[in-house]
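Heavy atoms only: backbone and side chains are in, while hydrogens, waters and symmetry mates are out. What you see is a predicted model; the values in this text were computed from it and never measured.
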Amino acid sequence: MLGHAFGIDVDTSFPIPELPVRGGRDGFPRTRLEAADARRLQKDWPADEGRKVVDRTFPDGSPMLVVERHEQGFHVWAPRYGRHAVSGDGGRVWSAVPRVPAWRWERLLFAQVLPLAAALCGRELFHASAVALEGGAIAFVGLSGAGKSSVAAHLVARGALLVTDDVLALTVEPRADGVRAHSGTRLVGLDTNELATMTTAGRALFGAVLGRSDKAYLAVPVVDSSLPLRALYFLGRNQGREIDISPSEALASLLLGSSFLSYLDSSERLVRHLDVCARIAETVPTHVLTAPAAAGAKGVAAAIEAHALAVIRGGS
Amino acid sequence: MAKRAQKIDSLDRKVSIPDHVVYRSFASETIILNLETGKYHGLNATAATMLDVLKDAETMSDAVALIAGQYGQPIETVAADLRELCQGLVDRGLLELDTPTQRG
């Protein structure tokens with residue numbers, strides 16, 4: 001199967017249900033993803049030969065997510081979600097996935113492993129969600145819990161196509177003026193309360209719930225291409241009564257602080273991130289949107305849709 | 001061992017941007033990236049203008065004269081501001097003092 005996500009083509013030896021199938025686009029850098037045995041991966045990528053760059057634990061101290069940097073690449077594992085190795089150039093991934101419903105192991109694959117491969121292939125990553133409006137991508141940046149996924153979902157319910165949920169891959173096109181946003185995967189994690197606030201027609205666009213943990217996981221169609229990034233919003237809260245959308249000040253620090261997989265700190269990556277941020281600052285209208293809690297993600301989505309359409313149509 | 005920061009004792013010296021430093025312009029500021037530390041540093045528009053002039057100037061004094069003329073400011077004021085900026089950047093490893101220039 002040949003799929004694509006985060007600006008790379010993924011040639012996989014086993015089915016990955018929520019990975020978009022590659023359409024007839026120009027080729028991206030290709031990553032070969034092969035099924036592997038978990039014990040073999042542990043043996044070939046021993047923990048004592050790696051350096052932990054991510055070490056998240058549960059409150060009881062047990063491991064939640066570990067990423068080790070090895071001489072030959074990265075070893076990523078999370079108990080009950082799978083174990084993966086990624087070559088240093090991002091061109092090869094070896095995956096041992098557990099015998100659980102696919103959406104469970106896809107969470108680790110889509111949230112960490114494929115973005116890591118994409119970054120190693122030269123894609124720049126931001127902690128952001130995005131939808132397509134009028135042929136361009138509209139992105140939302142924010143800390144975890146800022147409502148990126150919920151806002152994107154409500155925009156999808158209003159008729160936009162999803163570009164990506166939570167991880168946005170961008171590239172600066174050498175012969176173009178702007179920045180291109182690459183589509184992610186079909187798997188979206190949503191607060192079930194947000195699903196309940198959608199109209200019946202909007203909710204129908206999301207299909208059935210694949211499974212639940214802290215969120216409900218659903219498969220949503222995504223755009224089958226990369227799109228020019230047309231607008232970017234930093235999401236935040238205010239204590240007032242109305243949604244406020246203002247041109248962003250301190251733009252550089254907001255952009256630089258939105259990097260995803262910040263443990264990738266090679267000179268090449270740091271310069272690339274700075275270049276992409278500078279290009280965004282130069283070519284993409286960026287705004288800070290703050291909203292009172294009472295506005296809800298649905299209200300924020302409506303405000304962004306109206307504002308973004310005005311920005312796109314106004315050409316500013 | 002950390003390199004000891006140089007002290008700017010005279011503006012009759014050239015400064016240069018080391019190879020491990022890159023900078024990019026944003027709308028209202030310039031961001032300098034030190035690849036040795038992985039840290040970003042921000043410069044406001046005035047400081048960014050000074051840096052732009054400095055990188056092409058033969059000496060810091062030449063840069064002072066150019067900036068003072070361009071913006072109609074007293075030489076002494078610009079010299080003090082530029083010395084403070086340069087010293088701050090030198091201290092952070094973002095600018096290097098070249099060997100003293102013989103002027104005649």
Side-chain angles (χ1 to χ4, degrees), chain A residues 51 53-54 69 119 122 124-127 141 170-174 177-179 229 231-234 245-288 311 316, chain B residues 1-6 15-57 63 67 70-71 81-82 84-98:
Chain A
R51 181 169 67 85
V53 291
V54 175
R69 188 196 299 266
E124 196 44 51
L125 303 178
F126 288 78
H127 202 180
V141 178
L170 297 176
T171 47
V172 170
E173 299 300 320
D177 289 331
V179 175
L229 182 62
L232 189 148
Y233 295 87
F234 296 97
I245 304 179
S246 308
S248 51
E249 295 171 7
L251 177 58
S253 56
L254 285 170
L255 286 170
L256 292 166
S258 304
S259 175
F260 189 71
L261 302 186
S262 53
Y263 61 80
L264 293 176
D265 56 359
S266 66
S267 294
E268 182 191 5
R269 206 264 167 135
L270 292 172
V271 172
R272 192 174 71 213
H273 189 63
L274 185 59
D275 280 337
V276 172
C277 289
R279 185 68 73 90
I280 291 172
E282 189 186 349
T283 63
V284 180
T286 56
H287 293 83
V288 173
V311 166
S316 62
Chain B
M1 195 169 75
K3 214 191 293 184
R4 195 171 162 185
Q6 300 159 292
V15 288
S16 58
I17 297 168
D19 291 341
H20 64 264
V21 171
V22 294
Y23 67 100
R24 298 287 185 271
S25 297
F26 286 70
S28 58
E29 63 181 322
T30 288
I31 297 296
I32 305 181
L33 168 61
N34 184 340
L35 293 169
E36 284 186 346
T37 62
K39 284 187 178 169
Y40 297 102
H41 304 262
L43 291 184
N44 64 25
T46 307
T49 300
M50 287 184 172
L51 185 65
D52 254 345
V53 175
L54 275 166
K55 71 179 170 49
D56 296 324
I67 294 164
Q70 215 166 353
Y71 293 93
D81 290 348
L82 187 129
E84 187 182 344
L85 170 70
C86 289
Q87 190 65 63
L89 294 176
V90 168
D91 291 347
R92 289 168 179 78
L94 303 173
L95 202 61
E96 281 176 351
L97 277 173
D98 289 357

Enumerate, by atom name, each donor-acceptor pair separated by under 3.5 Å where one atom lies in chain B and the other in chain A.
from: B:Arg24; atom 1: NE; to: A:Asp275; atom 2: OD1; distance (Å): 2.4
from: B:Arg24; atom 1: NH2; to: A:Asp275; atom 2: OD1; distance (Å): 3.0

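The neighbour count for B:Gln70 CD, taken as heavy atoms of other residues, nucleotides or ligands under 6.0 Å away, is above 12.
In terms of heavy-atom proximity, A:Ala281 sits nearest to B:Phe26 at CB-CD2, 3.5 Å.
If you tally non-hydrogen atom pairs under 4.5 Å between each of A:Ile280, A:Leu255, A:Val271, A:Leu251 and chain B, the highest count goes to A:Val271.
In this structure, chain B has a heavy atom under 4.5 Å from the side chain of A:Leu256, while its backbone stays farther away.
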